[in-house]
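All values reported here derive from a predicted model rather than from experimental measurement. As a basis for the values below, the full set of heavy atoms in this structure was taken, side chains included, without hydrogen atoms, waters or symmetry mates.
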Amino acid sequence: MGRDLTAEDQELRTLLGDVHTIAVVGLSSRPGRPSFEVARYLQHHGYRIVPVNPNETEVLGERSYATLRDLPPDLSIDVVDVFRRAEHTPDVARDAVAIGAKVLWLQEDIISEEAAAIATAGGLDVIMGVCIRHVREQLLAE
């Protein structure tokens with residue numbers, strides 16, 4: 001029997017249900033890397049993945065972009081999922097605001113109050129320190 005959902009769980013479930021396109025900042029093409037495994041899982045579950053990594057040209061069959069600001073202007077991003085060290089996240093947050101993303105999601109063990117403040121001030125929802133895959137598995141298990 002599953003645990004009861006909290007109000008926060010309900011909000012996350014709604015958020016994940018409304019998401020279609022996820023830009024994954026720091027996505028590696030190397031299987032076994034956390035960013036690759038999480039992105040592959042999300043793609044398998046119907047999300048469009050947009051790789052953002054200046055060291056990659058294509059990941060999981062999708063063209064990779066050097067930065068969020070290099071994305072085509074007509075590409076709407078719902079979530080910016082970040083696999084970068086905390087000190088790099090304020091710049092990512094600024095870029096997420098600039099491209100009109102809806103959510104800044106800092107992966108497990110990545111916490112940046114500065115990035116959260118930038119994103120919040122720019123109108124984004126912010127989730128920090130938890131893995132989007134683990135949250136989806138818990139809340140939207142099929």
Side-chain angles (χ1 to χ4, degrees), residues 2-3 5-142:
R3 64 184 175 83
L5 295 180
T6 65
E8 182 177 305
D9 289 341
Q10 294 284 9
E11 288 177 27
L12 286 171
R13 176 183 269 179
T14 299
L15 183 149
L16 287 171
D18 291 342
V19 168
H20 302 288
T21 306
I22 302 172
V24 183
V25 177
L27 178 54
S28 171
S29 62
R30 293 192 345 227
R33 297 285 302 192
S35 63
F36 182 88
E37 297 303 324
V38 168
R40 181 168 64 184
Y41 167 87
L42 293 169
Q43 189 179 57
H44 176 77
H45 284 88
Y47 299 96
R48 179 175 180 198
I49 298 302
V50 179
V52 179
N53 185 332
N55 301 314
E56 301 286 358
T57 55
E58 183 178 290
V59 183
L60 295 168
E62 295 282 350
R63 177 184 170 189
S64 184
Y65 297 87
T67 71
L68 289 170
R69 292 180 191 246
D70 292 320
L71 298 176
D74 61 339
L75 180 57
S76 177
I77 299 296
D78 298 309
V79 175
V80 174
D81 187 23
V82 184
F83 286 88
R84 298 283 319 272
R85 290 192 311 267
E87 62 265 25
H88 299 291
T89 59
D91 286 338
V92 174
R94 287 181 196 93
D95 289 351
V97 170
I99 66 162
K102 298 176 184 130
V103 178
L104 178 69
W105 194 303
L106 304 184
Q107 278 294 134
E108 208 161 40
D109 300 325
I110 303 172
I111 305 290
S112 171
E113 296 303 330
E114 182 183 358
I118 291 164
T120 300
L124 279 69
D125 289 325
V126 177
I127 299 161
M128 287 194 295
V130 294
C131 176
I132 193 170
R133 176 182 180 167
H134 296 154
V135 169
R136 189 191 181 284
E137 286 173 338
Q138 287 176 352
L139 299 180
L140 298 175
E142 293 154 17

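- Using a 4.5 Å cut-off on side-chain heavy atoms (C-beta onward), Leu27 and Ser35 make contact.
- For the side chain to side chain donor-acceptor pair (under 3.5 Å) test, no residue two or more places apart in sequence or in another chain qualifies with Tyr65.
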Next on the checklist: Test side-chain contact (heavy atoms from CB on, under 4.5 Å) on Trp105 and Asp125; report intermediate values, then the result.
Outcome noted: CA-CA 8 Å; Trp105 194 303; Asp125 289 325; over 6 Å; no
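- Within 6.0 Å of CZ on Arg69 lie more than 12 heavy atoms contributed by other residues, nucleotides or ligands.
- Remark: Arg30 pairs with no residue by the salt bridge (charged side-chain N to carboxylate O under 4.0 Å, His left out) rule, at least two apart or across chains.
- Glu113 pairs by the side chain to side chain donor-acceptor pair (under 3.5 Å) definition with nothing, not counting sequence neighbours.
- Asp78 pairs by the side-chain contact (heavy atoms from CB on, under 4.5 Å) definition with Val19, His20, Thr21, Lys102, not counting sequence neighbours.
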Item to check | Leu124 vs Val97, side-chain contact (heavy atoms from CB on, under 4.5 Å): CA-CA, chis, key distance, verdict | outcome: CA-CA 7 Å; Leu124 279 69; Val97 170; 3.8 Å; yes
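- In this structure, CG in Leu104 is found 10.5 Å from CG in Asp95, a value given to the nearest 0.5 Å.
- By the side chain to side chain donor-acceptor pair (under 3.5 Å) test, His134 is found to be paired with no residue, residues two or more places apart in sequence or in another chain being considered.
- For the salt bridge (Lys or Arg N to Asp or Glu O under 4.0 Å) condition, the pairs that include at least one residue of residues 57-66, sequence neighbours left out, are Arg48-Glu62.
- A side-chain contact (heavy atoms from CB on, under 4.5 Å) with Val52 holds for exactly one of Asp81, Val25, Val80; it is Val25.
- Considering only residues two or more places apart in sequence or on other chains, Thr67 meets the side chain to side chain donor-acceptor pair (under 3.5 Å) condition with Asp70.
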Next on the checklist: side-chain contact (heavy atoms from CB on, under 4.5 Å), that's the test. Do Ile132 and Gln107 meet it? Break it down for me.
Outcome noted: CA-CA 7 Å; Ile132 193 170; Gln107 278 294 134; 3.3 Å; yes
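- Scored by the side-chain contact (heavy atoms from CB on, under 4.5 Å) test, Arg133 finds Glu37, Val38, Tyr41, Cys131, Glu137 as partners (sequence neighbours excluded).
- Residue Leu68 holds its CG atom at 4.5 Å from CD1 of Ile99, rounded to the nearest 0.5 Å.
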Result block: side-chain N/O donor-acceptor pairs under 3.5 angstrom for residues 82-92, not counting sequence neighbours:
residue, atom, partner, partner atom, Å
Arg84, NH2, His88, ND1, 3.3
Arg84, NH2, His88, NE2, 3.4
Arg85, NE, Glu87, OE2, 2.8
Arg85, NH2, His88, NE2, 3.3
Thr89, OG1, Ala86, O, 2.6
Thr89, OG1, Ser112, OG, 3.3
Asp91, OD1, Arg94, NH1, 2.7

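- Take Glu56 and apply the side-chain contact (heavy atoms from CB on, under 4.5 Å) test, not counting sequence neighbours, and it matches Ser28, Ser29, Asn53, Val59, Ser64.
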